[in-house]
Amino acid sequence: MKIAIVGTGYVGLITGTGLSSFGIDVTCVDIDKEKIRLLNSGKLPIYEPQLKDLVQNNVKEGRLHFSSDLENVIRDNNVIFIAVGTPPKADGSTNLAGIQDVAKTIGKNLNSYKLIVNKSTVPIGTGRYVRKIIEEYSDGKYEVEVASNPEFLREGAAVRDFFHPNRIVLGTSSEKALSILTDLYRPLYLLETPFIKTNVETAELIKYAANSFLATKISFINEMANICSKTGANIADVSEALGLDQRIGKKFLHAGIGFGGSCFPKDLRSLVKQADSLGYDFILGKGVVKVNENQRKYAFNRISDAFKDGLKGKTIAILGASFKPETDDIRESPAIYLAERLLKSQATVKIYDPKALNNAKAALPELICASSSYEAAINADAVVLATEWNQFRHLDLHHLKSVMNGDLFFDFRNVYTRQEAENAKLKYFAIGK
Ligand code: UDX
C-alpha cells in the first residue's frame, strides 16, 4: 500500500508519519521547499513530543519520504490525503485557496483512479467542491472519489492521539473508498477503535461539532469561575463536583484565561459563519467566542488594575508563551495576547517558556527572553503564570519572591493554592478562587 500526503504542517506530518508506522509507504509533499529540505536533513519544523524519533525511524526503514514535486507525487499515488492549511479570513470564514490549488493540480495530473481524502478541517460541502474542481480540470477522464477523514490530534499529545484515537471518522458514500480507508487504519481496527462510517458532509460537521463542544465546556467553566470570583465560591471545587457527574465528565473543565491554538478559535468562528450563510443563527457558538475573547481581556485588566499608578515602566514576568503546554505553537496564545497588551502599555515584559521562546520573540521582538522562570522573575513587579507547563507546577515560590521587586503573582491557570502563594508572601490572584 502506498499513499501521498499533501501538506507537511502539523496534521500532515503526524498523519503521514503515523500511517508509515503501520507499514504503509508514505510520501509527504509540500510546496515549501525549505520545509522539505529541513525534513530531508532529519530536522522537524515543529516541536511535538515523540515525533522526531518516529520520523527518523520511518525514514531509516525506507517507508517515509519527503518531496516538493507535487505533480509527480500525484501521478505516482492513487490515495492522496489533503492536509494543507485552511486559515481563517478576516471575517472568520475559511480560506480554501490552498485546498483549491491542490485540487486543481490533482485534476491536471489525474492519470488513473484516485481516492482523495480530506484531512484538513474544511467547511461542510468542501468534499463535493473538491471533487467538482478535480473533475473540471481532468475533463472527467478518470474516476475520482473524495472522502473526509477528520483529525482529532491534540498538539503536545498528537502522536499518542494518532495511535490511540477515541474514534476514527470515515466519511464517504463509496464502498470502494471505504474499503481502502478501513484497510489503511487496520492496525487501529485491531485495537478495537470505534469507526464511524458516514457520509462526507456528516464527517465534515463532526470535526466542527467536536471542537465547538469542547470550546463550549471551556467557556462555560470560565463563566462559572467569573461568577465564583464575585461570590466567594471556589471554581476548583465546582469543577471537581461537576466532573464527577458522569453525564458531564471531568475533561475540559479547567478554568483559566481561555482557549487558544490553531483549532478552537478558528473552527468555532468558521462554524458560526457557515451557519450564518445557511440562514441559521448559531447563538451558542457566538457566545462561546465572545466569552473566550472577554476572558483574556479580563485577565489583562486584573494585572492592569493591580497597579494603581499604571503599567508604564513596570516589569512583568510571564511564565509560558505557547497556547498550552508541550508545544512551541503560539497561535492565538493567551500568553502572547497578555504580552502584547502589556508592551503596548509600556511595561517591560520578560518571558520564559521551555519551547516557544523563538516563536514568541519572532512575534514580539520587544520581549526580553529569559532562560528560566527565576531569571524571568528577577526585578519583576509581577509574575504571571500564563501556560501550565509541568515545570511551573513546583516552583519554589519563596525563591521566586526573593528575586522579584514586587509581590504580585497572577496564577491564571490555577496551579497553586492561595495558601501556598501567601506563605511565600506573594499577593495571589487566580481565576475564580
Ligand atoms: C484541539 C482538539 O482537542 C483536537 O481534537 C483538534 O483536532 C485540534 O484542536 P489543541 O488545539 O491541540 O487540540 O488543544 P486542546 O488540548 O484541545 O486545548 C485547546 C485550548 O483549550 C488550549 O488553549 C487549552 O489551554 C484550553 N483549555 C483546555 C482550557 O482552557 N481548559 C481546559 O479545561 C482544557
Side-chain angles (χ1 to χ4, degrees), residues 9-12 14-15 18 46-49 51 83 85-86 119-122 148-162 164-169 203-204 206-226 235-236 238-240 242-243 248-271 288-289 291-296 298-299 320-338 353 356 385-390 392 411-415 430-432:
Y10 202 82
V11 173
I14 286 155
T15 306
I46 49 164
Y47 168 72
E48 178 63 34
L51 186 60
T86 48
K119 199 67 172 157
S120 307
T121 302
V122 287
S148 166
N149 170 220
E151 55 82 21
F152 303 98
L153 307 168
R154 288 166 302 166
E155 293 188 26
V159 172
R160 197 171 63 223
D161 284 352
F162 182 87
H164 302 280
N166 290 169
R167 75 304 209 185
I168 293 288
V169 175
E204 288 168 340
I206 286 171
K207 170 65 196 241
Y208 284 103
N211 276 357
S212 302
F213 188 76
L214 292 169
T216 303
K217 277 187 103 173
I218 300 170
S219 277
F220 177 85
I221 206 67
N222 282 336
E223 290 212 282
M224 289 304 117
N226 298 343
I235 194 62
V238 174
S239 288
E240 191 182 355
L242 281 181
I248 297 174
K250 290 182 178 165
K251 305 260 170 78
F252 281 72
L253 287 180
H254 300 290
I257 40 177
F259 52 80
S262 67
C263 288
F264 285 1
K266 163 174 94 85
D267 293 351
L268 209 63
R269 280 189 213 116
S270 172
L271 189 56
V288 172
V289 171
V291 169
N292 199 53
E293 284 166 2
N294 285 348
Q295 197 67 5
R296 48 180 66 188
Y298 165 72
S322 54
F323 79 97
K324 66 179 225 181
E326 295 301 332
T327 176
D328 62 355
D329 195 343
I330 59 160
R331 284 176 287 178
E332 304 255 1
S333 168
I336 296 294
Y337 169 87
L338 291 178
D353 186 287
L385 200 167
T387 314
E388 69 282 28
W389 283 89
N390 274 341
F392 301 152
D411 178 9
F412 285 153
R413 296 292 185 169
N414 288 354
V415 169
I431 303 285

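Remember, it's 1-based here, ligands and their atoms both numbered in the order they're listed.
- Counting non-hydrogen atoms of other residues, nucleotides and ligands closer than 6.0 Å to CD of E293 gives a total above 12.
- The main-chain N or O of A335 is found under 3.5 Å from a side-chain atom of S333 such that the two form a donor-acceptor pair.
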List of N/O pairs, ligand 1 versus protein, all under 3.5 Å?
| unit_1 | atom_1 | unit_2 | atom_2 | d |
| --- | --- | --- | --- | --- |
| ligand 1 | 5 (O) | F152 | O | 3.3 |
| ligand 1 | 7 (O) | E151 | O | 3.4 |
| ligand 1 | 7 (O) | E151 | OE1 | 3.2 |
| ligand 1 | 7 (O) | L153 | N | 3.4 |
| ligand 1 | 7 (O) | K207 | NZ | 3.2 |
| ligand 1 | 12 (O) | E155 | N | 2.7 |
| ligand 1 | 12 (O) | K324 | NZ | 3.3 |
| ligand 1 | 14 (O) | K324 | NZ | 3.1 |
| ligand 1 | 16 (O) | K324 | NZ | 2.8 |
| ligand 1 | 23 (O) | G260 | N | 2.9 |
| ligand 1 | 23 (O) | F323 | O | 3.2 |
| ligand 1 | 25 (O) | R413 | NH1 | 3.3 |
| ligand 1 | 31 (N) | H254 | O | 3.0 |
| ligand 1 | 33 (O) | L253 | N | 3.3 |
| ligand 1 | 33 (O) | H254 | N | 2.9 |

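- Between F259 and F264, the ring planes lie perpendicular to each other; the angle is over 60°, past the 30° to 60° tilted range.
- In this structure a side-chain-to-backbone donor-acceptor pair under 3.5 Å is missing from D411 to A430.
- A salt bridge links R269 with E332: at least one charged nitrogen is closer than 4.0 Å to a carboxylate oxygen.
- Under the 4.5 Å side-chain criterion, counting only non-hydrogen atoms from C-beta, E240 is not in contact with K250.
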